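Counting starts at 1 for both ligands and their atoms, in listed order. For reference, positions follow the sequence shown, starting with 1. Note that the structure is a prediction, hence the values are computed from the model and not measured.
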Amino acid sequence: MGNCLCCAQKRPRHRQQQTFIGLNPGLEGKLNNILEQNPRYTPDPQRSHADIIRTKHTPTRNNQISKTRIVVAVYDYKERDVSDVSFKKGDRMEVIDDSDGDWLNVIHLTTGEQGFIPGNFVAPELSVESEDWFFENVSRKEADKLLLAEENARGTFLVRPSEHNPHGYSLSVKDWEEMRGYHVKHYKIKPLDNGGFYISTNKTFLTLSELVQAYSRNAFGLCHVLSKPCPKPQPQMWDLGPAFRDDWEIPRDEIKLIKRLGRGNFGEVYYGKWRDSIEVAVKTLREGTMSTAAFLQEAAIMKKFRHKRLVALYAVCSKEEPIYIVQEYMSKGSLLDFLRKDEGKTLDFEDLIYVAFQVASGMEYLETKQLIHRDLAARNVLIGENNIAKICDFGLARVIEDNEYCPKQGSRFPVKWTAPEAIVYGRFSIKSDVWSYGILLMELFTFGQVPYPGMHGREVIEQVEKGYRMPKPTSHYLPDDIYKIMLSCWDNKPENRPTFEFLTHYFEGFNVTSEIPYRRSLIKTIPRKLGYETKTIQKHETEYF
Ligand code: ADP
């Protein structure tokens, strides 16, 4: 459970920090030296993890200056190469160089090993980010998803930075009620002007840890006493290891192809392992289907653009044919196949909204980077554990200069997903991606039905030109408001279509407020009472839904 920061001296990990004995004499001296120079670090929960790690002299709440930066492992990590260092959750390390964005050069304070570690696996020691219950980059919708996992009991909780108040936080707690079943309640944690925090004005705390400790002992009007922190998902890895960050051509014999996953446009796709340990997906390029240069261009784009809703490219093997492109492995395959198979069919309405949100969020990132995808469809979204969705094949995108990209004549498009101006005039833009997103929504809410059922491509082009739009499905449940969003994505005028920023917020905020617990068996037959989280339900003075 949370630790009281004001009594930090009593914490066992602080005692460990006092002296290092039994190590080789040089190292022992060095480590003890570090400790002497390192005044107690008092965390400032209003600063982000990255800010703190990057600051050479970390200001503390008491305005002391911390000259060294000790980080503590929030997850286990197993070394992958000669240049990185293994560690276990709770291990402490001194940062000696943080100039690389992703990999910190550290000395492990127990083993004495020096090398690189992934920065997103650690947090500054005694900082709020090092607490098991603190989730730095989690949105409200993601918090719902994580907490609602079956293994989490009532009272499981997490604290996350507020999306609306830059100095505030939110406490998300899993609850259960007879009428609603399991659901998540979110409480605002507001900052006090003179430092400190509160949920309810009559109970104020100096630190977030104190607040969490207090509500772990007594609910004080919350829906439930805080029981245990929500398990944290493994952080995203962007490279196979520190050595492959910039040089990502790898020897082919380090990749073992284990199982064929599917057939792509350009070749087979396999599940495999790198150096017999790291799971990867390997796309192979059939000889003669595409130039090596074009393939590597796709790879370069994928490597450059990083977002948790885009599939990560790890490496390529391009020295011989067939070329391999080595990607993050997504265990449940393409969204289209997933929706059509048994497991996908068990997705409930909230899961569908969650997928819609994640895809919009990945596309919002491409929107800010001025990239267009040109082939957004359920077949190009991959699903991983916990219904995590990531966009793939964005390598077809091109950096655009005047908001618009005209492909060469003769290019083929997936007609049913492509906006009319892109088909007729070749005008691809982020707004033609919004059109495709609308089609993807229809695929999603009809569990993978082919768009415009019964119509051929040519007929679709002609009818859409004349103003025809896919009707609201009668076979599956789809709220009017989401259908209206689809229609807005299919506005004839690209400029009238919503932005991905809007779509992300829309699905992020979309909430099922049905009174009776949701049952999937009803999704296709009985319309549910649905709404958006625009109202505050005043069960508790600071609670919002
Ligand atoms: P292409 O873009 O060459 O047409 P796809 O990306 O569509 O190939 O891949 C074909 C199939 O391979 C997908 O439908 C999916 O089932 C599987 N696949 C592709 N990439 C991955 C991945 N990263 N993880 C898991 N499965 C994948």
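Side chain of D239 to main chain of G241: no donor-acceptor pair is present (N/O by atom type, distance under 3.5 Å, no hydrogens or angles). Side-chain atoms of K232 come within 3.5 Å of backbone atoms of F134 as a donor-acceptor pair (strictly under, hydrogens ignored).
Residue contacts with ligand 1: R263 is included, with a non-hydrogen atom under 4.0 Å away.
Closest to atom 4 (O) of ligand 1, if we only count protein heavy atoms, is N265 N, 2.5 Å. Closest to atom 21 (C) of ligand 1, if we only count protein heavy atoms, is L382 CD1, 3.5 Å. For atom 8 (O) of ligand 1, the nearest protein heavy atom (residue, atom name, distance) is G264 CA, 3.1 Å. When only non-hydrogen protein atoms are considered, atom 23 (N) of ligand 1 lies nearest to E328 O, 2.8 Å. Here the heavy atom of the protein found nearest to atom 16 (O) of ligand 1 is S334 N, 3.8 Å. Protein heavy atom closest to atom 19 (C) of ligand 1, with residue, atom name and distance, is V269 CG1, 3.5 Å.
When ring centroids are compared, Y329 and W274 stay outside the 6.0 Å threshold.
Using modelled atom types, one finds a donor on one side chain and an acceptor on the other under 3.5 Å when comparing H186 with S172.
Contact check on K89 versus D132 returns a salt bridge, with a Lys/Arg side-chain nitrogen under 4.0 Å from an Asp/Glu carboxylate oxygen. Between D100 and R245 there is a salt bridge, since a side-chain N of the basic residue sits under 4.0 Å from a carboxylate O of the acidic one. A salt bridge links E328 with K390: the closest approach of a Lys/Arg side-chain nitrogen to an acidic carboxylate oxygen falls below 4.0 angstrom.
Between D393 and ligand 1, a contact under 3.5 Å exists for at least one N or O pair. The shortest N or O to N or O distance between K283 and ligand 1 is below 3.5 Å. By the 3.5 Å distance cut-off applied to N or O atoms, M330 is counted among the residues near ligand 1.
The ligand atoms of ligand 1 that sit less than 4.0 angstrom from a heavy atom of Y329 are 24 (N), 25 (C). Atoms of ligand 1 lying under 4.0 Å from at least one heavy atom of Q327, given by number and element, are 20 (N), 23 (N). Every atom of ligand 1 with a heavy atom of L261 under 4.0 Å away is listed here by number and element: 25 (C), 26 (N), 27 (C).
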Give the table of side-chain donor-acceptor pairs shorter than 3.5 Å for residues 318-327, with sequence neighbours excluded, one pair per line with atom names and distance.
{"residue": "S318", "atom": "OG", "partner": "E249", "partner atom": "OE1", "Å": "2.6"}

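Under a cut-off of 6.0 angstrom, the local environment of CG in N496 is crowded, with over 12 non-hydrogen atoms contributed by other residues, nucleotides or ligands.
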